Every structure is written in structure tokens, then in C-alpha cells.
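Okay, structure first, notes after.
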Amino acid sequence: MFDWNAIDTVLLDMDGTLLDLHFDNHFWLHLVPQQLSMQRQISLDEANTLVKQAYYDVVGTLDWYCLDYWQRYLQLDILALHHASADRIKLRQDSMPFLQALAGASKQRILFTNAHPQSLALKLTHTNLGHGLDKMLSSHESGYPKEHPQFWQYALTKFNLDPSRCLFIDDSEVILAASKKAGIGYQLGIKNPDSQKPHIEFANFPAITDYQPLSLALNSV
């Protein structure tokens, strides 16, 4: 699929790309509305409507991913709820073998995530993901989400990367497009970010459901 000799660094999203997105979908689409319904003594339908509108209002911005923002806006202890449901945090089964294959082929592995630093820390505590990465960056450090060109300018400068020799893997076609616009040489989508939901389709980028073919290819580099 790729000429691995032309790639020095693999940039990796976290949620839905290396971790099963089921935790986040369950948390934001089910647990948060349930808690809001109980706290405000409103129906679950009302809570769902309120939450979905609140999400829609900030989609594509850093607030969408910010635990502090949602804690203030919804008046819920979002971090405590994260910890209470942390048993749902899971690595994709194919992630670590792929990360190990990248290391074996001398490819740099950098995590680029929109996850809030506290969410990132929790997920690193509950998985061994950190052992498969060389460096990490939460977009909150840059002040911009990955959807924004300023994130890419910040990230490429921070790690002194040649964008033309980078592969970026993400489960969002919008973010893949942002990376391409920023000069990232190669993009790859993930069709099955949530193990308990149907696959998604990508219109403009190659996409996979399993890292195993890439791992096998890397083992022969």
C-alpha cells in the first residue's frame, strides 16, 4: 500500500485508531446524557437533545475535545465519570503488533491526539499504549485541534518533521484532509474505529480495517 522507504515517521491518532472508540462513544453518547438526566431531573430524551446540540455547537473546535469545557458547561464531574468507566478503555488488538513492526523497521512513531491531556493520561494508565510510541502530542498544547492548520504548523515544527516523509493515520476523513493540506505525504483511514458499530467508508483516502497487512509489509522492509 505504501513505499515504506519513503516514510520516516508515522503520525498516529489515538481514539478509534489505536484505541477502540467504543469507550468514547459510550461515554459521550450514553453516560453523559444519563448523568445529565438524573442531575437535572429531565427526561433522557431531553438530556440527549441538549447534549447533542451542545456538541454540535463546538464541533471542530478545541472545546469539543476539552474536558474542562464540558465540566463547566454541563456542570458534571466529567473527569470522575471518565475514571468510573475506565474499564471500557481498550487497545485495538492489532495496534501493538503494528507499533512494534514500525519500531522494527526503524520508523518513528508519534501520537497526535485531540484528547485532553487528562484523558490521554488516563488512557495511558489503563493500556500499555505508551510502550509503543516514541513521542506524543495533545493538540491542547498547540491551542488548536488537528482540524486546524495551526496545529500542523506547531506539530511539524515541534518535532522537526519533513511532512513529505510522514504517514498520518486517523479515523476522521476531515482530519486526514487537514493533514494533506498541511503537506503530510501519506494518509490512511481506519474504517472500524468502534468495535461495536458498523464500518465507515472513506471517499478520498485509502482505509483499512486491520493493521496486520501493514505489519507484515514492515517486517520485510
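Here the structure is a predicted model, which means the values were calculated and not measured. Quick note: residue numbers are just sequence positions, from 1. Atoms considered below: every heavy atom in the structure, side chains included; atoms not considered: hydrogens, waters and symmetry mates.
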Would you say the side-chain atoms of [X] and [Y] include a donor-acceptor pair closer than 3.5 Å?
X: Asn114; Y: Glu147; answer: yes
X: Tyr144; Y: Gln153; answer: no
X: Ser142; Y: Gln150; answer: no
X: Asp20; Y: Ser195; answer: yes
X: Ser164; Y: Asp162; answer: yes

Look only at the side chain of [X] and the backbone of [Y], and say whether a donor-acceptor pair between them is shorter than 3.5 Å.
X: His82; Y: Ile78; result: yes
X: Ser95; Y: Leu18; result: yes
X: Ser220; Y: Ala217; result: yes
X: Arg88; Y: Asp24; result: no
X: Thr49; Y: Asp45; result: yes
X: Gln75; Y: Arg72; result: yes
X: Ser179; Y: Ile184; result: no
X: Asp94; Y: Tyr211; result: yes
X: Asn128; Y: His131; result: no
X: Glu173; Y: Asn204; result: yes

_Between Lys158 and Glu141, does the side-chain contact (heavy atoms from CB on, under 4.5 Å) criterion hold? Intermediate values first, please._
CA-CA 11 Å; Lys158 177 180 175 70; Glu141 179 183 322; 3.1 Å; yes

Answer whether the closest heavy-atom distance between the side chains of [X] and [Y] falls below 4.5 Å.
X: His199; Y: Thr209; result: yes
X: Leu76; Y: Gln71; result: no
X: Gln39; Y: Leu74; result: no
X: Lys135; Y: Gln108; result: yes
X: Leu188; Y: Leu176; result: no
X: His116; Y: Asp68; result: yes
X: Pro33; Y: Leu44; result: yes
X: Leu122; Y: Ile89; result: yes

Is [X] linked to [Y] within one hydrophobic cluster, defined over Ile, Leu, Val, Met, Phe, Trp and Tyr using a side-chain heavy-atom separation of less than 4.5 Å?
X: Val58; Y: Leu62; result: no
X: Met1; Y: Leu218; result: yes
X: Leu50; Y: Val59; result: yes
X: Leu129; Y: Leu21; result: no
X: Tyr73; Y: Leu31; result: yes

Nearest heavy-atom neighbours spanning [X] and [Y]:
X: Phe202; Y: Ser172; value: CE2-C, 4.2 Å
X: Arg92; Y: Ile190; value: NH1-CG2, 3.4 Å
X: Lys107; Y: Ile7; value: NZ-O, 2.8 Å
X: Pro145; Y: Gly60; value: CG-O, 3.5 Å
X: Asp171; Y: Gly16; value: CB-O, 4.0 Å
X: Ala115; Y: Leu120; value: CB-N, 4.4 Å

Look up atom [atom1] in [X] and atom [atom2] in [Y], then write down how far apart they are to the nearest 0.5 Å.
X: Asp194; Y: Phe23; atom1: CG; atom2: CZ; answer: 12.5 Å
X: Asp8; Y: Ser106; atom1: CG; atom2: OG; answer: 10.5 Å
X: Leu111; Y: Met136; atom1: CG; atom2: CE; answer: 7.0 Å
X: Leu12; Y: Leu133; atom1: CG; atom2: CG; answer: 7.0 Å
X: Leu11; Y: Ile169; atom1: CG; atom2: CD1; answer: 9.0 Å
X: Lys52; Y: Asp57; atom1: NZ; atom2: CG; answer: 14.5 Å

In plain terms, say whether [X] and [Y] are close enough for a salt bridge, that is, a side-chain N and a carboxylate O under 4.0 Å apart.
X: Lys123; Y: Asp15; value: yes
X: Asp170; Y: Lys146; value: yes
X: Asp134; Y: Arg109; value: yes
X: Arg40; Y: Glu46; value: no

*Heavy-atom count around His83 NE2 within 6.0 Å, excluding the residue itself: above 12?*
yes

*Intermediate values then yes/no, side-chain contact (heavy atoms from CB on, under 4.5 Å), Leu67 and Ser119*: CA-CA 8 Å; Leu67 301 190; Ser119 178; 4.1 Å; yes

*In a check of ring pair (Phe, Tyr, Trp, His ring centres under 6.0 Å) between Tyr55 and each of Tyr65, Trp70, Tyr69, which one passes?*
Trp70

*Could you check Leu19 against Thr127 for side-chain contact (heavy atoms from CB on, under 4.5 Å), going step by step and ending with a plain yes or no?*
CA-CA 9 Å; Leu19 301 185; Thr127 69; 4.1 Å; yes

*Relative to each other, are the rings of Phe112 and Phe168 parallel, tilted or perpendicular (30° and 60° limits)?*
tilted

_If you apply the rule side-chain contact (heavy atoms from CB on, under 4.5 Å), what do you find for Ile110 with Leu161, and how did you get there?_
CA-CA 11 Å; Ile110 305 180; Leu161 298 173; 4.1 Å; yes

